[in-house]
Amino acid sequence: MARRWCARIKLILVVLIFSVAFLNLRSYMTMETNFQATEEVIVTVATDVNIPVPNRKGFLTIAIPTVSRKGAVYIYSTLESLINDGDNSEITIVILLADTNQFYNEELAKNITNKYKELVTRKVIHFVKIPPRYYPDFNNLEITFNDPLKRVQWRSKQNLDYAYVMTYSANLSQYYMQLEDDVIATERYLKKIKDFIDEHSDKKWVMLDFTGMGFIGKLYRSRDVLKLATVLKTFYNEKPCDFLMYDFLTMMLQTQIYLRVPKLFKHLGVHSSLSTNKRKEDKDIFFERKMNVLRGDNPPADLFTSLQAYLPHTLSKVYEGKYADAIFWSYSPKSGDSVVIAFKEQQLLDRIVIITGFVNSTRDRLKKGTLESGTIVRRTKPGHITCSETRILGVFSGGIIGVNITNSYPVACVVIRITGAQSDWILFRSVAIYIKRR
């Protein structure tokens, strides 16, 4: 009898052990499946993006994520401003069809293809779509920065969208820039980007900024784009993209922001991709379609000014005129400040035109000032130059002066003198000195 009970107890124990083992195995298999599914979401950027191999490596890839906006479609204006800049052989435009409505994506791609068939055929314009399984469950996001869930979902999706299109675009060109589908470019933007790169060739930069706005118009070398994509992909829930962008610069050891003024891109519309947001019309004076810059003969000269330059917008940049839209921008001007242009050799002057301030704006003009010419140059100490035996050629009006010099005599130097205090900064956009032809 005792043996029979022992046998029964052993059988029960064996059944229990196998039952627990089965349950543990089933639980492990479930956990493994869930882990793989989660891992698939995390690594899909690296594994699912069909990265194209270009026949040629162009100068610049411009990525444009696009979604539907209530009451407006701006992307055609964006494309026109980018394409009409001249030769399109140096740019590649990657349009990320990021709307959750696939019908909208397909219709938009069809319409853009019909309008720009040649550019799509030549692979100047690419279309990219994101597979739905790429995204995590946006209902289980952590709330950060006390943002409403809807905003957290919007910016989290935005981070993942950006990471996706960056991964696709990273190998297409030397440089990468991202815009939005409601942004327009200034004229000759590509030449101005190249000039700004040249101006900073002696700097160890990771990002150059052409807008001063959010994530728009930031230029990166292609070799760094996958690193930035990894940051966006990894911390998509924690921070908005522009916060992560600055975190990335810190990690890459860039401590200074290199911002181009005037900016090259601006928002066209007032309808944000987040339906609860409505932007004001972008009337930023720092965006100019034409700078109205004059280029004079500007003979070789030593330059001196008591004005404090807002780097990198120095006096030599605007006088030499080497770069398109170069400016001299100064803060805290005061009465008595001056700009001295001391020629290497005396000159017979024909005409001088100096333009200050922004186009179509009264901001940062020289309010009160005179233009003088002199015959004696003194270098009183290293880097300090004075111009004496001067005569007044004219007075600034509306921030501009233009004088014709009829009774020409040998001139050694020219002085721009500030004769009144002003609260605005001063921006010189043209210093054009014309020499009399003999």
Side-chain angles (χ1 to χ4, degrees), residues 38-49 62-67 69 94 96 98-100 128 130 132-170 176-183 205-259 263 265 267 271-279:
T38 304
E39 185 181 51
E40 183 178 41
V41 171
I42 294 172
V43 303
T44 186
V45 170
T47 58
D48 283 10
V49 181
I62 301 172
I64 308 175
T66 183
V67 295
R69 297 170 186 270
V94 177
L96 176 67
D99 201 88
T100 54
V128 177
I130 300 178
R133 65 192 180 93
Y134 167 67
Y135 298 109
D137 184 352
F138 286 125
N139 291 314
N140 292 325
L141 296 176
E142 179 184 353
I143 300 299
T144 60
F145 297 98
N146 291 321
D147 281 345
L149 176 60
K150 188 171 184 180
R151 185 173 183 85
V152 175
Q153 292 171 332
W154 171 75
R155 59 177 170 81
S156 296
K157 180 181 181 298
Q158 194 175 59
N159 283 336
L160 292 170
D161 289 346
Y162 292 179
Y164 196 96
V165 75
M166 285 178 181
T167 304
Y168 177 91
S169 305
Y176 174 89
M177 176 182 285
Q178 193 165 295
L179 300 179
E180 291 183 357
D181 59 354
D182 62 342
V183 166
W205 61 269
V206 176
M207 181 192 84
L208 298 179
D209 191 353
F210 292 89
T211 67
M213 300 185 298
F215 208 80
I216 304 169
K218 309 298 187 280
L219 185 83
Y220 302 91
R221 293 181 179 90
S222 289
R223 66 175 184 240
D224 295 325
V225 170
L226 286 179
K227 297 176 186 176
L228 178 55
T230 300
V231 172
L232 293 171
K233 176 184 62 177
T234 305
F235 300 100
Y236 69 90
N237 182 183
E238 282 74 17
K239 290 184 178 183
C241 57
D242 44 345
F243 286 26
L244 292 173
M245 172 186 73
Y246 288 112
D247 290 343
F248 175 69
L249 291 186
T250 300
M251 287 186 281
M252 296 292 287
L253 307 181
Q254 178 173 326
T255 58
Q256 181 178 345
I257 299 300
Y258 301 107
L259 171 65
K263 68 184 188 181
F265 307 91
H267 271 124
H271 298 276
S272 170
S273 58
L274 179 60
S275 58
T276 55
N277 278 6
K278 189 167 183 179
R279 285 191 298 263

Check: Centres of the F265 and F210 rings: under 6.0 Å?
Finding: no

Check: Rounded to the nearest 0.5 Å, how far does OG of S169 lie from CE of M177?
Finding: 13.0 Å

Checklist line | Side-chain heavy atoms of M251 within contact of V231, under 4.5 Å | finding: yes

Next item on the list: Check for a donor-acceptor pair, side chain of Q254 on one end and backbone N or O of V206 on the other, with a separation under 3.5 Å.
Entry: yes

Margin query: Quiz question: by atom type and distance under 3.5 Å, do the side chains of Y236 and D161 form a donor-acceptor pair?
Written below: no

Next item on the list: Output yes when a side-chain donor or acceptor of K233 lies under 3.5 Å from a complementary backbone atom of Y164, and no otherwise.
Entry: no

Check: What's the shortest heavy-atom distance between G212 and L259, and which atoms?
Finding: N-CD1, 3.5 Å

Notebook entry, point to check: Do the side chain of Q178 and the main chain of I216 share a donor and acceptor less than 3.5 angstrom apart?
Noted result: no

Notebook entry, point to check: Would you say K218's side chain and Y176's backbone share a donor-acceptor pair under 3.5 angstrom?
Noted result: no

Note to self: Please give me the minimum heavy-atom distance between T211 and G217, naming the atom from each residue.
What the structure shows: CG2-CA, 3.9 Å

Note to self: Please give me the minimum heavy-atom distance between V165 and A63, naming the atom from each residue.
What the structure shows: CG2-CB, 4.0 Å

Next item on the list: Verify whether one side chain among T144 and R155 offers a donor that lies under 3.5 Å from an acceptor in the other.
Entry: yes

Next item on the list: Please assess L226 against M166 for the test side-chain contact (heavy atoms from CB on, under 4.5 Å), listing each intermediate value before the final yes or no.
Entry: CA-CA 7 Å; L226 286 179; M166 285 178 181; over 6 Å; no

Notebook entry, point to check: How many angstroms lie between atom CG of D99 and atom CD1 of I130, to the nearest 0.5 angstrom?
Noted result: 11.0 Å

Checklist line | Candidate pair T66 and L96, rule side-chain contact (heavy atoms from CB on, under 4.5 Å), full reasoning | finding: CA-CA 6 Å; T66 183; L96 176 67; over 6 Å; no

Next item on the list: Check for a donor-acceptor pair, side chain of N237 on one end and backbone N or O of L141 on the other, with a separation under 3.5 Å.
Entry: no

Margin query: As an exercise, state the distance from CE of M213 to CG of D242, rounded to the nearest 0.5 Å.
Written below: 12.0 Å

Item checked: Note, F215 side chain near M245 side chain (heavy atom, < 4.5 Å) -> yes

Next item on the list: Would you give the length of the straight line joining atom OH of Y220 to atom OG of S222, rounded to the nearest 0.5 angstrom?
Entry: 12.5 Å

Margin query: Check this for me: does any side-chain nitrogen of one of D224 and R221 sit under 4.0 Å from a carboxylate oxygen of the other?
Written below: no

Item checked: Heavy-atom pair with the smallest gap, counting every atom of K239 and L244 -> O-CD1, 3.6 Å

Checklist line | Donor-acceptor contact present, side-chain N159 to main-chain C241, <3.5 Å | finding: yes

Note to self: Before you tell me yes or no, could you show the steps for M207 and L219 under side-chain contact (heavy atoms from CB on, under 4.5 Å), namely the whole-Å CA-CA distance, both residues' side-chain angles and the distance that decides it to 0.1 Å?
What the structure shows: CA-CA 5 Å; M207 181 192 84; L219 185 83; over 6 Å; no

Next item on the list: Report the C-alpha separation of I62 and I64 in whole Å, then their side-chain angles, then the decisive distance to 0.1 Å, and conclude whether the side-chain contact (heavy atoms from CB on, under 4.5 Å) test is met.
Entry: CA-CA 7 Å; I62 301 172; I64 308 175; 4.2 Å; yes

Item checked: Heavy-atom check, side chain of M252 versus side chain of L228, under 4.5 Å -> no

Checklist line | With F235 via ring-ring contact (aromatic ring centres under 6.0 Å, His included) - residues at least two apart | finding: none

Checklist line | Where at least one partner belongs to residues 238-257, residue pairs that pass ring pair (Phe, Tyr, Trp, His ring centres under 6.0 Å), sequence neighbours excluded | finding: F145-F243

Margin query: Could you report the tightest heavy-atom contact between P136 and L160, atom names first, then the distance?
Written below: CD-CD1, 3.5 Å

Margin query: So which atom in E142 and which in V152 form the shortest heavy-atom distance, rounded to 0.1 Å?
Written below: O-CG1, 3.6 Å

Next item on the list: Using side-chain hydrogen bond (donor to acceptor under 3.5 Å, both in side chains) as the criterion, list what pairs up with N146, not counting sequence neighbours.
Entry: none

Notebook entry, point to check: Under 3.5 Å, is there a donor-acceptor pair between the side chain of E180 and the main chain of P65?
Noted result: no

